[in-house]
Number of protein chains: 2
Amino acid sequence: MGTSYCASSQQPQATACNGSGMSKSNNVYKDAYNRCLRLLDETRSLPSEPELGTLLGVSRTTVRTILARMEETGLIAWNKRAKTVLREPRPDDFFPEEETDTLAEIIERSFMRRLLAGGAEAGMQINELELAREIGVGTTSVREFLIRFSRFGLIEKRRNSHWVLKGFTRAFALELTEIREMFELRSAAAFAALPQDSAVWTDLDRLEDEHRLLASEIATRFNEFSELDERLHRLIHRASHNRFIVDFYDVIAMIFHYHYQWNKAQERERNEVAIGEHLAYISALKSRDLGKVDAACRKHLKSARQTLLTSIPESRPPLKP
Amino acid sequence: MGTSYCASSQQPQATACNGSGMSKSNNVYKDAYNRCLRLLDETRSLPSEPELGTLLGVSRTTVRTILARMEETGLIAWNKRAKTVLREPRPDDFFPEEETDTLAEIIERSFMRRLLAGGAEAGMQINELELAREIGVGTTSVREFLIRFSRFGLIEKRRNSHWVLKGFTRAFALELTEIREMFELRSAAAFAALPQDSAVWTDLDRLEDEHRLLASEIATRFNEFSELDERLHRLIHRASHNRFIVDFYDVIAMIFHYHYQWNKAQERERNEVAIGEHLAYISALKSRDLGKVDAACRKHLKSARQTLLTSIPESRPPLKP
DNA sequence: AAACTGTTTTTTCACGATAAAAGACATTAT
DNA sequence: ATAATGTCTTTTATCGTGAAAAAACAGTTT
């Protein structure tokens, strides 16, 4: 049987949450508070509570907690409707970044770090309890994370027993890209067939501009490409009007996200090439010529697959028991 | 805002688990015990504990619990290695069927019953707490179920808030079948290209025989088709050697499973037609002629889609807030 | 009357605790 | 020496609980 996944853990992992039996972190509040601070720079007085709620994407309850604290720290004067800004926020008004993360994000990062840090052979067991202890969170959160994560195809559950790591292998990358290519070719064709007055064309124009801008400043901003990449591909996938295709992009995005972090070799060159391919792809879409779209899409996908594959070390065969 | 999904619940739902604060049901033991009883008919003495474990798919701990009870009820004499059968199991030796179900199964059934029982409009909210109370289980189990269930594309989560029902609509069926057709055409082509000595060909022969047998007894056994259907399609999908394609069949299987239960109209006729299509599909695969395979596959998938679509009532447009 | 604020109730999220089940270790029988 | 049994430990599955956050309700202000 495979060795345990976490057994060989390095440093005694700083626990993510303060050790004591705390029930739920208030990261929603802290994150919204920080974002609200940035709003303070721009105005002399804040809008109504419901309006702030929609602006920040939180409930009014959280808005009021934010306002209460801002009043306490002398940032604003708050009396019913009047929320007057008293002073500019200072750096130490902000909550530390790491306190604004979701538990799910913390667990995912922790998990992926181990996965990519090597030594994570296919076939290894994943131990919920051990993972939970090492990250410093409850088992329930880890379980829920693993269930959500399982759709990425990297882990698998044994009934009433442990999870098994399937490994970030060459086979995985090939299976992933096979589906990606199937879906994206279809989406791109659907995109090109969209009526001229569809809103996507202006979105595409905007993305094209951003690509050109990035291309011109590639020397300094090359690491901003991955975000642009995701936006373009998501726009195209959405044209399929198929939830399974759209949702599958989550798998791709996740893999590429960590892949970008992992493999920095020739990042600048790779991204430069990809921007060029994107621009060709975009102009093919704008031409609405299905043949051109197909060709440009294929070309880009092929090089994307190549990039992914070269970053995966040739996998050793799984251990025999 | 949509109305709550469970608000309009009918009968005060008999609680699935005994009311009191019990932690975990021993359904694994009960189910394995029942299956072990059936084994008793065939032999005069039981094999070793580890062997029984693999046979029943449970740990030795559970095996020993089973043996202890069998000794207690006078079914066997148990002394170390000697496990002699003393009498045949009687009907009342078995645990009741409903006590052998997984919590996940109980929740899924309960949830799907409501979903299909009508009155479940798209846009409705799903309330974890209410669902948990009505089924008579903890919130954690419901949460985990919903997370797992979300990959079927029928529900969606609002961050830090409720789930939203997307509804079993025509659009859903079309999106599902679009992917299914893409995946199955590809898998079928891969299947036909498999080498002659692959084990799948004997599996296919066996399935063909079972289809013929079922066809000849269709008048009485028509409801056994759905199981055969799933086995054939899963065999074909597996030829893709792509985990995402193989896993996607879970979505299809789930939908068709409940669809079969829901829509009994012309069941016999539908299944008779489908068996015919399957036999044609199988012989096309055996011919290994890609053109024929493609045609037979398309034909069957088209009628499968038709069947699914006709069972879905024309959806009203979602309520505006 | 519409939109806002103040207050109360519900629901979600996350934890620790506990029984069921799995797994590991020690011992004994073939 | 191998493979079983007997015993002990660890892990998983599930619940109840309580704080964070959302949502509902009630009362004000414009």
Side-chain angles (χ1 to χ4, degrees), chain A residues 1 4 17 20-30 32 47-53 57-67 78-83 102-104 107 125-133 136-146 157-163, chain B residues 1 4 17 19-30 32 47-53 57-67 78-83 102-104 107 125-133 136-144 146 157-163:
Chain A
M1 303 299 135
S4 168
C17 310
S20 75
M22 105 170 154
S23 230
K24 193 186 178 185
S25 94
N26 53 355
N27 65 77
V28 173
Y29 154 66
K30 286 176 174 169
S48 76
E49 293 172 14
E51 206 171 325
L52 261 176
V58 294
S59 76
R60 201 157 71 80
T61 308
T62 305
V63 168
R64 299 187 109 241
T65 321
I66 292 170
L67 291 173
W78 180 27
N79 187 350
K80 315 226 163 163
R81 301 183 181 217
K83 306 169 198 83
T102 314
L103 237 204
I107 297 174
Q125 297 180 193
I126 296 165
N127 185 321
E128 289 176 6
L129 196 59
E130 205 169 327
L131 250 180
R133 272 196 296 248
V137 299
T139 51
T140 314
S141 312
V142 170
R143 277 174 70 77
E144 288 180 6
F145 164 76
L146 291 171
K157 177 129 187 79
R158 292 286 140 84
R159 256 296 199 104
N160 283 311
S161 184
H162 53 258
W163 292 84
Chain B
M1 311 290 140
S4 167
C17 310
S20 76
M22 105 170 156
S23 226
K24 193 184 179 187
S25 95
N26 53 355
N27 65 78
V28 173
Y29 154 66
K30 284 176 176 170
S48 78
E49 294 172 14
E51 206 171 324
L52 261 176
V58 295
S59 76
R60 201 158 71 80
T61 308
T62 306
V63 168
R64 298 187 110 240
T65 322
I66 291 169
L67 291 173
W78 180 25
N79 188 349
K80 317 225 162 165
R81 299 177 185 224
K83 304 169 198 85
T102 315
L103 237 206
I107 297 174
Q125 300 186 4
I126 296 165
N127 186 319
E128 287 176 8
L129 196 60
E130 204 169 328
L131 250 180
R133 271 197 297 250
V137 299
T139 52
T140 314
S141 312
V142 170
R143 279 175 67 78
E144 287 181 6
L146 290 172
K157 178 130 187 79
R158 293 287 139 84
R159 251 310 194 91
N160 281 310
S161 183
H162 52 259
W163 292 83

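So that the names make sense, note that chain A is the first sequence line, chain B the second, and so on, each numbered from 1. Below, all heavy atoms of this structure are taken into account, side chains as well, without hydrogens, waters or symmetry copies. Note that this is a predicted model, so its numbers are computed, not measured.
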Looking only at side-chain N and O atoms, does A/S141 come under 4.0 Å of OP1 or OP2 in C/dC15?
yes

Between D/dA22, C/dT5, D/dC15, which nucleotide has the shortest distance from any of its atoms to the side chain of A/K80?
C/dT5

Hits for side-chain contact (heavy atoms from CB on, under 4.5 Å) against B/S48, two or more places apart or cross-chain, chain-then-number order -> B/P50, B/E51

Which residues pass the salt bridge (charged side-chain N to carboxylate O under 4.0 Å, His left out) test with B/E49, sequence neighbours left out?
B/R60, B/R64

Sequence-distant partners of B/T65, side-chain contact (heavy atoms from CB on, under 4.5 Å), two or more places apart
B/Y29

Grab the N/O contacts between the protein and nucleotides 8-13 of chain C below 3.5 Å, and write none if there aren't any.
residue, atom, partner, partner atom, Å
C/dT11, OP1, B/N127, ND2, 2.8
C/dT11, OP2, B/R133, NH2, 3.4
C/dT12, OP1, B/E128, N, 3.3
C/dT12, OP2, B/N127, OD1, 3.4
C/dT12, OP2, B/E128, N, 3.3
C/dT12, OP2, B/L129, N, 3.1
C/dT12, O2, A/K24, NZ, 3.3
C/dC13, OP2, B/R143, NH1, 2.4
C/dC13, OP2, B/R143, NH2, 3.4
C/dC13, OP2, B/K157, NZ, 3.4
C/dC13, O4', A/K24, NZ, 3.2

Axis bend over the full length of the helix from C/dA1-D/dT30 to C/dT30-D/dA1, computed from five pairs that close each end, to 10 degrees
30°

Any base atoms under 4.0 Å from B/K30, or only sugar-phosphate, or nothing? Heavy atoms, all strands.
nothing

Any idea which of C/dA3, C/dA29, C/dG6 is nearest the A/R81 side chain?
C/dA3

With respect to the side chain of A/S48, which nucleotide from C/dT5, D/dA21, C/dA21 is positioned closest?
C/dT5

N or O in side chain of B/R64 less than 4.0 angstrom from D/dG6 OP1/OP2
yes

Can you check the B/K83 NZ to C/dA29 P distance for me, whole Å?
15 Å

Between C1' on C/dA20 and CG on B/N26, what's the gap in Å once rounded to a whole number?
7 Å

Those residues at least two apart in sequence (or on a different chain) that pass side-chain contact (heavy atoms from CB on, under 4.5 Å) with A/T61 are A/S59

Please report the distance, rounded to the nearest Å, between CG in A/N27 and P in C/dC15.
11 Å

What nucleic acid atoms does A/T62 come within less than 4.0 Å of, heavy atoms only: base, sugar-phosphate, or nothing?
sugar-phosphate

